[in-house]
A.B. asks: 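Would you mind keeping the following structure in view while I ask a few things?
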Amino acid sequence: MVSLKKWPWIVFGSVLSMVLWTFISVNTSIFTDSDGFNYFLYITSYILVIGIWGLTVVDLKISDKLYKAISVFLFALTPFFCMQIAMVLSGAAEYSFKIYFVNILFYLAVMAVILAVTRSMRYSAIIATILAYIFNMASFVVNILRGTPLIPSDFLAIGTAANVAENYTFEMRYPIIAATVIAAVVIALIAKFSFTPKFRFKNTVFAVSGAAYAVIFMLCLASIDYTDYGTDVFDQYHANNMHGTLYSFYINVRKMMLSKPDGYNEEDAAQLLAAAQPDKTEQTELIAEEDMPNIIVIMNESFSDLSVVGDFETSEDYMPFINSMTKNTVKGQLLVSPFGGYTCNTEFEFLTGLSMGLLPNGSTPYLQYFSKEYDFSLPYYLSNLGYKTLAIHPYLASGWNRTKVYDLMGFDDFISLENLDELVDESEWEYIRNYISDRTSYKAVISGLEDKDDDDRMFIFNVTMQNHGGYTYEGGEFPTVTLTDMEGHYKETEQYLSLIKESDEAFEELITYLKSYDEPTVVVMFGDHQPAIEQQFYEELYGQSISNLTSEELQKRYKVPFVIWANFDIESRSDVKTSPNYLSDLLLDTINMPKNELGNFTSQISESIPQINAMGHYDSEGIWYTNDTETNEELENYDFVEYYMLTKKGK
């Protein structure tokens, strides 16, 4: 027998259905792809909305036995519903039946835990569905905004993400509607067809059985050799399609844990460091301590030259000043580990001399490994040489745990957005889009120089903010640089290139000032990663889909420029290829300053491994390899020393 429910349910179901119906109607563009308008998905979405209305409003009278059978059936199918939501949001599934089944067991374990707590079949199924929807939706949205799906370290960086979230523009896509409607239908079905079993010790049975399954499942997981599964946080979209979002996430959690390298011995690692130290006779040409220059290091947010990926034409040169620099200049290319985010990992490599290529994939050292003083870091070392050390970042100090990290690295002072007025009067702050401009950031650098005592030497580390994503600002001043030869129309790319032009102009103003500055000063400026702009732009430059690229071909997206300039004579060089972990060595060598014990060691490593990132390395012949410490002795030695520095040094 069919009838309508009471009026509150009719109102609720009707309002919910009208909202979903309207939402689909005003977002018809999401049903259009390269093959045209997808009428099947469009019509199916409306049918599902009608189904939600029917489940919410219609009161279907059926026999008690059939009702219970449907209830048990839906409860048993809940893990499969969760998996379907994941599949809709993760893309084309490429996994085997075995992997599919493992993911089902994951969702079943989530249900078991909830069942043990709530002792309710209804709530365990509904809550599990909601959690599956939230988790997979979060991964999908992060992929839209950043270009890569959710990874475990994102949860450690929630505060940093929240700081910049308002500057990204969300883009609606069909999988969001499909997953939302599926989740709503599943929840409505479970809510409509659910009963409470009544038998003796029901609560105890539910609690014990749920907890027992969860414990057994976790023990089984712990015994799995996760190294057999090739998840890659740098191609996490493909990894999710291969292993499922939840299982892939779990493998990444396991892999990001710092573990002792095979064959590691603390005494041997210390000996490797000692063996790399030069004789005093080899250091006769080093600069006298009293003649050491001021050192300014600028890590410029998202600064890159996209022409490294492929050729394209613009309405004007977006980097004319830096391209023109030749005198007292060293220029080249860095191979970095992050793309589109995780600035802190490039920063970590530069300031410590350690490599992300030897740490677990997906790890974030600033959030995971800093619990003691890092006396081998560059600011700590320069402080011991008599430098005053100052960090400047014109944004929130809480980002990437910098307040704690900078203290443990030996910085004397840290100027952030909260106290930037100590160096630059607030009335002089310039904003480009919603961020402090490079020009204002460099004013703070200049103030740091001018405020020091005459006898002091300064090390200033400036992390800029101007070029941070996203690139959908609607202000009238953008774009100033436009693409002139691309098939697609890439507004984000044009905005980004316009920002790089602004950075180039601001850097020219800083160099112009320092040319007349009366103390010897050296400047290093480099990018932290390439920007997360339209993927279609990158694919047009590559001439193929990102998903079809080899690991070596992908490296074009992990190359950024650097420049070293001094207001005194240094040997000029160009087309230098290195990576952030070696850049401080190159800096100190360029100005004939001594390096610490780690710097002497990494300088030796760089002779055979001149570029390294989290995916692999180039050898001295420019040949690309993955980071296999078992077949590369230099890489194995570097791994031993890196683990030694992270776990033993500075305690």
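Keep in mind it's a predicted model, so treat the numbers as computed, not measured.
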A.B. asks: Would the Y625 and H617 ring centres measure less than 6.0 Å apart?
C.D. replies: yes
A.B. asks: Looking at Y473, I'd like to know if the NZ or CZ of R433 sits under 6.0 Å from its six-membered ring centre while staying within 45 degrees of the ring's axis.
C.D. replies: no
A.B. asks: Aromatic contact between Y395 and Y435, with the criterion being ring centroids under 6.0 Å apart: yes or no?
C.D. replies: yes
A.B. asks: Going by atom types alone, do S304 and Y496 pair a side-chain donor with an acceptor below 3.5 Å?
C.D. replies: yes
A.B. asks: Quick one about E347 and Y366 (side-chain donor to acceptor, distance below 3.5 Å, no hydrogens or angles considered), yes or no?
C.D. replies: yes
A.B. asks: Quick one about T493 and E534 (side-chain donor to acceptor, distance below 3.5 Å, no hydrogens or angles considered), yes or no?
C.D. replies: yes
A.B. asks: Check the side chains of Q611 and Y582 for a donor-acceptor pair under 3.5 angstrom, ignoring hydrogens and angles.
C.D. replies: no
A.B. asks: Does F537 have its ring centroid less than 6.0 Å away from the ring centroid of F312?
C.D. replies: yes
A.B. asks: Would you please name every residue forming a side chain to side chain donor-acceptor pair (under 3.5 Å) with E642, sequence neighbours left out?
C.D. replies: none
A.B. asks: Decide whether S503 and Q466 meet the rule of one side-chain donor and one side-chain acceptor closer than 3.5 Å.
C.D. replies: yes
A.B. asks: For N300 and D528, which I'm curious about, is there any donor-acceptor pair between the side chains at under 3.5 Å?
C.D. replies: no
A.B. asks: So which atom in Y558 and which in P338 form the shortest heavy-atom distance, rounded to 0.1 Å?
C.D. replies: CD2-O, 3.5 Å
